[in-house]
Q: 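First, the structure itself, so that you have it in front of you.
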Amino acid sequence: MINQNAATISIYAGVGGEDAKDWVEMLLRMYQKYAQRHNWKIRLINDNTLEIIGENAYELLKNESGVHRLIRISPFDAKKLRHTSFALVEALPELPELEEKKLTIPDEDLRIELCRSSGPGGQNVNKRETAVRLIHLPTGLVAASQAERSQGQNREQALKLLKAKLFKLMTERQEKELSNLRTKVTPDWGHQIRSYVLHPYQMAKDHRTGVKTSNVNDVLEGNLDKFVKK
């Protein structure tokens with residue numbers, strides 16, 4: 001049974017260049033502030049992934065998965081032109097321990113990349129390649145961790161995250177065998193679930209439910225209840 005009280009939120013930059021990268025950081029802050037409003041525990045797993053633990057965290061955040069669009073005057077454009085950028089949000093549940101043990105990934109299906117952690121962690125982080133990035137070759141799914149102090153712990157955390165992604169994909173495709181997932185998974189950037197407009201007017205609108213508000217800054221400050229509580 002899925003633990004509804006634990007969610008992992010990963011955010012990936014889409015079309016939009018520097019604006020899209022900045023949009024990822026804005027969304028990360030938004031979900032951090034949403035979690036803080038609920039007094040949930042937050043842990044940064046890597047530069048684009050948050051672990052959130054609290055009452056009904058996954059139940060509330062699961063529908064955040066999808067493409068989020070931002071329209072604003074770009075702070076990176078010297079001409080101060082309006083830009084549109086996209087980011088993909090992926091909300092995952094904590095994989096049940098029993099399911100995690102049953103899901104075995106063949107070594108030949110994994111590529112492991114090591115690098116130095118970029119976040120806080122003291123001198124140990126700066127001297128050794130402790131961050132771990134795992135790529136599941138048959139699907140193209142990627143999971144990474146740099147939150148732990150040792151390479152082994154980060155590999156374990158990244159593998160746990162990767163298994164949760166594969167478990168979700170198998171559930172969506174109604175597949176019972178991991179070997180059936182042989183096609184590369186790529187996000188669809190053309191179907192945003194929510195738009196955040198900061199110029200020429202202000203509006204945050206969920207395209208699935210029609211819920212909208214003109215107070216976009218309040219939404220970006222973590223006031224998401226009107227969107228997640230359906």
Side-chain angles (χ1 to χ4, degrees), residues 2 4 6-38 40 42 48-50 52 54 56-77 80-93 139-142 164-165 167-174 183-230:
I2 288 176
Q4 300 289 354
T8 301
I9 303 291
S10 296
I11 309 175
Y12 306 92
V15 175
E18 289 299 317
D19 277 283
K21 294 177 184 177
D22 190 50
W23 182 217
V24 168
E25 295 182 8
M26 290 171 66
L27 287 170
L28 275 173
R29 287 194 297 270
M30 182 181 77
Y31 290 117
Q32 285 178 310
K33 289 178 179 180
Y34 177 71
Q36 289 167 355
R37 284 171 179 257
H38 289 265
W40 292 342
I42 310 165
N48 70 322
T49 302
L50 287 173
I52 298 174
N56 290 324
Y58 178 68
E59 177 63 24
L60 289 169
L61 290 169
K62 63 183 180 183
N63 291 321
E64 290 297 289
S65 291
V67 177
H68 293 239
R69 179 178 67 170
L70 174 68
I71 302 173
R72 65 172 177 175
I73 299 294
S74 172
F76 306 100
D77 189 331
K80 302 300 180 183
L81 297 176
R82 187 174 62 181
H83 285 239
T84 299
S85 50
F86 297 85
L88 177 67
V89 174
E90 180 183 60
L92 295 170
T139 62
L141 291 175
V142 177
K165 293 187 178 194
F167 182 78
K168 183 180 180 183
L169 185 60
M170 291 170 70
T171 302
E172 290 172 349
R173 295 191 182 181
Q174 298 182 334
T183 56
K184 184 175 177 63
V185 176
T186 56
D188 179 1
W189 303 110
H191 298 89
Q192 62 270 9
I193 64 166
R194 189 176 304 144
S195 293
Y196 308 72
V197 183
L198 297 177
H199 186 84
Y201 55 90
Q202 296 212 343
M203 180 71 68
K205 180 178 180 179
D206 194 294
H207 300 289
R208 301 161 298 178
T209 63
V211 173
K212 59 184 178 181
T213 176
S214 60
N215 196 345
V216 189
N217 289 324
D218 190 43
V219 175
L220 294 174
E221 286 296 313
N223 189 359
L224 292 171
D225 285 338
K226 61 176 63 68
F227 294 111
V228 302
K229 291 184 177 180
K230 298 178 176 62

Q: Is there a side-chain contact between Y31 and V89 in this structure, where contact means two heavy atoms from C-beta onward sitting under 4.5 Å apart?
A: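 Yes; the side chains approach each other to less than 4.5 Å.
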Q: Calculate, to the nearest 0.5 Å, the distance between atoms CG and CD1 belonging to L28 and I9 respectively.
A: 9.5 Å
Q: If I take atom CG from residue L92 and atom CZ from residue F167, how far apart are they, to the nearest 0.5 angstrom?
A: 11.0 Å
Q: Side chain to side chain contact (heavy atoms under 4.5 Å, CB included) for H68 and I11? Distances and angles first, verdict last.
A: CA-CA 10 Å; H68 293 239; I11 309 175; over 6 Å; no
Q: Identify the heavy atoms of A35 and I52 that sit nearest to each other, and give their distance.
A: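 Closest approach of A35 to I52, heavy atoms only: CB-CG2, 4.0 Å.
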Q: So which atom in R82 and which in P200 form the shortest heavy-atom distance, rounded to 0.1 Å?
A: NH1-CD, 2.7 Å
Q: Where do A20 and G14 come nearest, in terms of heavy atoms and distance?
A: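 Between these two residues, the closest heavy atoms are CB-O, 3.5 Å.
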Q: OH/Y58 to OG1/T8 distance, rounded to the nearest 0.5 angstrom?
A: 10.0 Å
Q: Rounded to the nearest 0.5 Å, how far does CG of D19 lie from CG of D77?
A: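 So the gap between those two atoms works out to 8.0 Å.
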Q: Picking from H38, Q32, M30, what satisfies side chain to side chain contact (heavy atoms under 4.5 Å, CB included) with Y34?
A: H38
Q: Taking it one step at a time, do D22 and R72 satisfy side chain to side chain contact (heavy atoms under 4.5 Å, CB included)?
A: CA-CA 12 Å; D22 190 50; R72 65 172 177 175; 2.9 Å; yes
Q: Do S195 and H207 pass the side chain to side chain contact (heavy atoms under 4.5 Å, CB included) test, and can you show the C-alpha distance, the side-chain angles, and the key distance before you say yes or no?
A: CA-CA 8 Å; S195 293; H207 300 289; 2.6 Å; yes
Q: When rounded to the nearest 0.5 angstrom, what distance separates NZ in K21 from OG in S85?
A: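 Output value for this atom pair is 12.5 Å.
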Q: Out of E64, E59, K62, which residue meets the side chain to side chain contact (heavy atoms under 4.5 Å, CB included) rule with V228?
A: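 With V228 as partner, E64, E59, K62 yield a single side chain to side chain contact (heavy atoms under 4.5 Å, CB included), made by E64.
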Q: What are the two closest heavy atoms between V216 and A204, and how far apart are they?
A: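 Distance-wise, the nearest heavy atoms are CG2-N, 3.6 Å.
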Q: Heavy atoms, side chains only, cut-off 4.5 Å: are Q202 and N217 in contact?
A: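 Yes, close enough: below the 4.5 Å cut-off.
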Q: Kindly compute the distance separating CG (L70) from CG (L27), expressed to the nearest 0.5 Å.
A: 8.0 Å
Q: Please determine whether the number of non-hydrogen atoms from other residues, nucleotides or ligands lying under 6.0 Å from atom NZ of K33 exceeds 12.
A: yes
Q: Where is the tightest heavy-atom contact between V24 and A13, given as atom of each residue plus distance?
A: CG2-N, 3.4 Å
Q: Y196 vs W23 aromatic rings, parallel, tilted or perpendicular, using cut-offs 30° and 60°?
A: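 The arrangement is perpendicular - the two ring planes meet at more than 60°.
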Q: Check the side chains of S65 and K168 for a donor-acceptor pair under 3.5 angstrom, ignoring hydrogens and angles.
A: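 Distance-only check passes for K168 and S65.
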Q: Test side chain to side chain contact (heavy atoms under 4.5 Å, CB included) on F227 and N63; report intermediate values, then the result.
A: CA-CA 9 Å; F227 294 111; N63 291 321; over 6 Å; no
Q: What I want to find out is whether K226 reaches D206 closely enough, with some N-O distance under 4.0 Å, to be called a salt bridge.
A: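 Salt bridge absent between K226 and D206.
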